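Down below is the structure, laid out as structure tokens.
Only heavy atoms go into these numbers, but all of them, side chains included; no hydrogens, no water, no symmetry mates. Quick caveat: nothing in here was measured; it's all calculated off a predicted structure.
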Amino acid sequence: MKDTLAFDVYGTLFNTSGVVTKLREWVGEQAQQFADTWRNKQLEYSFRRGLMQNYKNFAVCTRQALDYTCAFYGVQLTAAQKDELLAVYRSLPLFEDVREGLTRAQAAGYRMFAFSNGAAEAVDALLTNAGIRDFFLGVVSTDDLKSFKPNPAVYCHFLRQAGASGSDAWMISSNPFDVIGAVSAGMKAVWVRRSPKTIFDPWEIQPTITIESLLELPDAIAKYHAGD
């Protein structure tokens with residue numbers, strides 16, 4: 001059976017900086033900083049809730065992170081403006097390499113799934129709106145377990161849902177915490193390092209493979225297997 005690929009969604013397939021254009025209307029030159037703080041706080045809140053076992057879904061983490069970011073930058077947004085920003089988060093742009101990268105991986109015969117902290121319904125809608133849903137055999141959400149990556153239980157949940165084993169399953173992610181979490185849980189992992197400025201955490205756990213674009217993915221996995 002061909003290897004199973006678990007594609008992270010937010011930050012790997014979809015560019016979370018897609019909110020910057022809308023933010024420029026309201027916060028001007030601070031838009032990129034605001035977006036980065038919002039994203040970092042969104043992840044922090046998911047990590048904390050996972051550790052505390054005080055679960056709220058990813059949409060709640062996203063909204064509460066937005067509230068924090070507004071307070072941090074002293075930005076007064078109306079409820080309607082916040083709703084507009086959250087709506088943009090439901091229609092983020094794809095990274096430029098995604099469509100062709102998925103096409104190449106599909107042509108290589110890999111079993112492909114979307115695997116996300118987001119609720120399955122929200123992720124399914126995001127993929128459908130972007131026209132890439134048909135690349136995936138299914139959507140697996142950590143919401144099923146009321147937890148978040150990088151809890152090892154959610155990677156085990158993915159393997160069960162996908163009918164795969166750790167030895168033939170790969171996490172494909174631009175997020176170092178996700179790569180580390182997957183490898184720690186017994187999967188292989190590909191780190192998609194689109195920018196040379198991105199730093200991988202200096203831990204004892206490293207990616208199985210590092211690529212700069214999803215276009216490289218099928219050949220990179222094939223080369224890995226050829227070297228086994």
Side-chain angles (χ1 to χ4, degrees), residues 1-14 16 42-43 46-47 49-51 53-62 89-90 92 94 98-99 101-192 205 207-209 214 217-218 221 224-225:
M1 185 174 66
K2 272 285 187 178
D3 286 357
T4 298
L5 309 185
F7 286 86
D8 174 59
V9 174
Y10 298 101
T12 301
L13 300 180
F14 292 89
T16 56
Q42 175 199 54
L43 292 174
S46 71
F47 296 157
R49 286 192 175 278
L51 286 168
Q53 298 181 11
N54 182 358
Y55 182 77
K56 298 290 183 183
N57 68 32
F58 203 57
V60 172
C61 293
T62 302
Y89 226 93
R90 295 192 291 270
L92 293 168
L94 292 168
V98 169
R99 198 176 304 277
L102 293 176
T103 298
R104 293 184 186 187
Q106 185 180 63
Y110 292 112
R111 304 174 69 244
M112 301 194 297
F113 293 81
F115 176 38
S116 178
N117 278 336
E121 298 80 8
V123 172
D124 204 287
L126 187 62
L127 298 172
T128 300
N129 291 339
I132 61 170
R133 176 62 181 83
D134 290 345
F135 284 107
F136 302 102
L137 296 174
V139 174
V140 180
S141 171
T142 66
D143 186 55
D144 296 339
L145 295 189
K146 301 294 184 284
S147 189
F148 295 106
K149 302 172 183 178
N151 182 343
V154 304
Y155 298 98
C156 293
H157 174 66
F158 171 81
L159 295 175
R160 289 193 298 270
Q161 293 297 109
S165 65
S167 61
D168 59 24
W170 296 76
M171 185 75 234
I172 317 299
S173 183
S174 295
N175 298 305
F177 75 86
D178 198 8
V179 169
I180 291 171
V183 172
S184 183
M187 295 174 66
K188 299 183 181 72
V190 177
W191 182 37
V192 186
I205 302 171
T208 313
I209 297 172
L214 286 177
L217 181 61
I221 294 177
Y224 172 84
H225 284 305

Sorted by chain and number, sequence neighbours left out, salt bridge (charged side-chain N to carboxylate O under 4.0 Å, His left out) with Arg133 holds for Asp124
Hey, is NZ on Lys56 packed in by over 12 heavy atoms from elsewhere, all under 6.0 Å?
no
Interatomic distance, OG1@Thr128 vs CG@Asp134, rounded to 0.5 Å, equals 8.0 Å
Closer than 3.5 angstrom, by distance alone: can the side chain of Asp168 be matched with the main-chain N or O of Ser165 as a donor-acceptor pair?
yes
Rounded to the nearest 0.5 Å, the OG1 atom of Thr62 sits from the CG atom of Asn57 at a distance of 8.5 Å
With sequence neighbours left out, the residues meeting ring pair (Phe, Tyr, Trp, His ring centres under 6.0 Å) with Phe113 are Phe158
Here the pair of heavy atoms bringing Ile172 nearest to Thr12 is O-CG2, 3.7 Å
key: Backbone of Phe148 reached by a side-chain donor or acceptor of Arg49 within 3.5 Å   = no
Apply side-chain contact (heavy atoms from CB on, under 4.5 Å) to the pair His225 and Asp3, showing each step before the final yes or no.
CA-CA 10 Å; His225 284 305; Asp3 286 357; 2.5 Å; yes
- With a 4.5 Å limit on heavy-atom distance, are the side chains of Val123 and Phe115 in contact? no
Minimal heavy-atom distance between Pro218 and Tyr110, with the atoms involved, is O-OH, 3.7 Å
Q) Any side-chain heavy-atom pair from Phe135 and Leu127 closer than 4.5 angstrom? A) no
Between Met171 and Tyr155 the two heavy atoms that sit nearest each other are SD-CE2, 4.1 Å
Q.
For Asn54, is the CG atom crowded, meaning more than 12 foreign heavy atoms sit under 6.0 Å from it?
A. yes
Note: Thr142 and Ser147 closest approach over all heavy atoms is OG1-O, 2.9 Å
Taking Ser116 for its side chain and Ser141 for its backbone only, find out whether a donor-acceptor pair lies under 3.5 Å. no
For Gln42 and Cys61, the nearest pair of non-hydrogen atoms, with its separation, is O-CB, 4.1 Å
(message) Under a 4.0 Å threshold between the charged nitrogen and the carboxylate oxygen, would Asp8 count as salt-bridged to Lys149?
(response) yes
Self-check item: Under 3.5 Å: donor-acceptor pair, side chain of Asn151, backbone of Ala153
Solution: yes
Distance col, row Trp191:CH2 vs Ile209:CD1, nearest 0.5 angstrom, shows 14.0 Å
Correct closest heavy-atom pair for Pro150 and Gly181 would be CB-CA, 3.9 Å
Those residues at least two apart in sequence (or on a different chain) that pass ring pair (Phe, Tyr, Trp, His ring centres under 6.0 Å) with Phe136 are Phe7
Heavy-atom side-chain proximity of Tyr55 to Asp143 below 4.5 angstrom:
yes
Distance col, row Ser167:OG vs Met187:CE, nearest 0.5 angstrom, shows 10.5 Å
Rounding to 0.5 Å, atoms NZ (Lys188) and CG (Leu5) come to a distance of 11.5 Å
(request) Report yes if the side chains of Leu159 and Thr4 come closer than 4.5 Å at any heavy-atom pair, otherwise no. (result) no
Interatomic distance, CZ@Phe177 vs OG@Ser184, rounded to 0.5 Å, equals 14.0 Å
